[in-house]
Amino acid sequence: MAKRHRFVVGEDERSVEVDQTPDGVTVTLDEGDAVDIDVLEVQVPGTVSFFVGGRQQRAYVARRAGGYEVTIGERRFVVETASGGRRRGAVGGAEDVPGQITAPLAGVVVEIRVSVGDDLEAGTTVLVLEAMKMQNEVQIPHDGTITAIHAEAGQNVDKGVLLVEYDTDSEE
C-alpha cells in the first residue's frame, strides 16, 4: 500500500509517494514518473545503499533540527517534513471532525489526488477545489487512511459538503 509524504527541500515543497512492491520500492516524486529502487542492506548507521536504473547509489543521512541532511555523491540536501498547517493556497481540514474532510468553500472539484486505501500524513493534499478562479488545495488534517471519496472531478460542491472520509491513525 502506497504512503504519501510531503517534504520541504530548500524552498520547494515536494510530494513523495513510496510503495513497497515484491521487487523492491517504487518512488514517485511530485506526481511524476515512478522510479523503481532496490534498497540494499544498511551496513553502517546513517548510510543507505540502493540501485536506481541499474546504478548503485549511496546516501548518508544525518538527523538535524526539524528534519534530515542527506548527502548523495557531491550533492547535499536539507529535508524537512512539510508543516501540516495552512500554506499558500491550502485550505480545509482544520475545523472538520477527525475522519471527515468537508468543502471549506463552495467551488468546483478540479482534481482528486488520493484513492481509497491511501495512507496519508497530516497536511497532504487530497483534492484541489477551484473557487473564484483560484485553485485551493484541500488537505487532510490528521494522519490517516482514506476510506471513502464522495466527490469527483468537475463536480460543483457547496461549503460544508462531505468530500472525503478517512480512518485516523491510532497515535493521534
Side-chain angles (χ1 to χ4, degrees), residues 1-21 25-37 59 61 63-70 77-172:
M1 187 176 305
K3 286 202 172 226
R4 293 189 184 182
H5 307 277
R6 288 183 338 143
F7 296 100
V8 176
V9 180
E11 295 293 315
D12 299 324
E13 184 170 317
R14 310 302 294 261
S15 170
V16 179
E17 183 174 301
V18 180
D19 192 13
Q20 183 117 23
T21 67
V25 176
T26 301
V27 177
T28 306
L29 181 63
D30 293 331
E31 308 295 329
D33 293 332
V35 176
D36 293 322
I37 297 176
V61 182
R63 279 192 185 275
R64 68 184 302 260
Y68 300 90
E69 184 175 276
V70 180
F77 307 91
V78 174
V79 179
E80 298 173 322
T81 302
S83 160
R86 292 179 188 237
R87 299 180 55 83
R88 177 184 31 177
V91 297
E95 285 121 37
D96 290 333
V97 297
Q100 296 183 347
I101 300 172
T102 61
L105 44 101
V108 177
V109 177
V110 174
E111 177 184 8
I112 297 177
R113 295 188 179 172
V114 297
S115 300
V116 172
D118 285 355
D119 290 323
L120 304 177
E121 289 187 345
T124 301
T125 299
V126 296
L127 59 84
V128 178
L129 187 63
E130 185 174 294
M132 299 181 349
K133 298 185 182 179
M134 297 274 303
Q135 292 197 351
N136 302 280
E137 294 183 345
V138 179
Q139 301 173 342
I140 190 168
H142 307 280
D143 291 354
T145 303
I146 301 298
T147 57
I149 299 171
H150 300 285
E152 54 187 53
Q155 179 181 355
N156 286 308
V157 295
D158 291 324
K159 180 177 180 175
V161 168
L162 180 62
L163 300 171
V164 175
E165 292 180 275
Y166 62 97
D167 285 334
T168 57
D169 286 350
S170 59
E171 298 99 51
E172 294 253 71

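Sequential numbering from 1 along the given sequence is applied to the chain's residues. Please read these numbers as outputs of a predicted model, since none were measured by experiment.
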Would you compute the distance between atom CD of E137 and atom CG of L129 and round it to the nearest 0.5 angstrom? 11.5 Å
Carefully, step by step, assess D30 and S15 under the rule side-chain hydrogen bond (donor to acceptor under 3.5 Å, both in side chains). CA-CA 5 Å; D30 293 331; S15 170; 5.0 Å; no
Of all heavy-atom pairs between L127 and T125, which one has the smallest distance, and what is that distance? O-CG2, 3.5 Å
Among pairs that include at least one residue of residues 153-162, which meet salt bridge (Lys or Arg N to Asp or Glu O under 4.0 Å), considering only residues two or more places apart or in two chains? none
In short, V116 meets T147 closest at the heavy-atom pair CG1-O, 3.7 Å
dist T124:OG1 -> D143:CG (nearest 0.5 Å) comes out at 8.0 Å
Please give me the minimum heavy-atom distance between E152 and I112, naming the atom from each residue. CA-CD1, 3.5 Å
Residues S115 and I146: closest non-hydrogen pair is O-CB, 3.5 Å
Please round to the nearest 0.5 Å and tell me the distance separating atom CG of L162 and atom OG1 of T102. 7.5 Å
Of all heavy-atom pairs linking T168 and G99, the shortest is CG2-N, 4.0 Å
Heavy-atom nearest pair, A59 first then V70, reads CB-CG1, 4.3 Å
In Å and rounded to the nearest 0.5 Å, what is the CD to CG distance from Q100 to L163? 10.5 Å
L120 vs Y166, test: side-chain contact (heavy atoms from CB on, under 4.5 Å). Steps then yes/no. CA-CA 9 Å; L120 304 177; Y166 62 97; over 6 Å; no
Nearest 0.5 Å, what's the NE2-CD1 distance between H150 and I101? 10.5 Å
Between the side chain of D19 and the main-chain N/O of E17, is any donor-acceptor distance below 3.5 Å? no
Counterpart residues, side-chain hydrogen bond (donor to acceptor under 3.5 Å, both in side chains), relative to E69 (two or more places apart): none
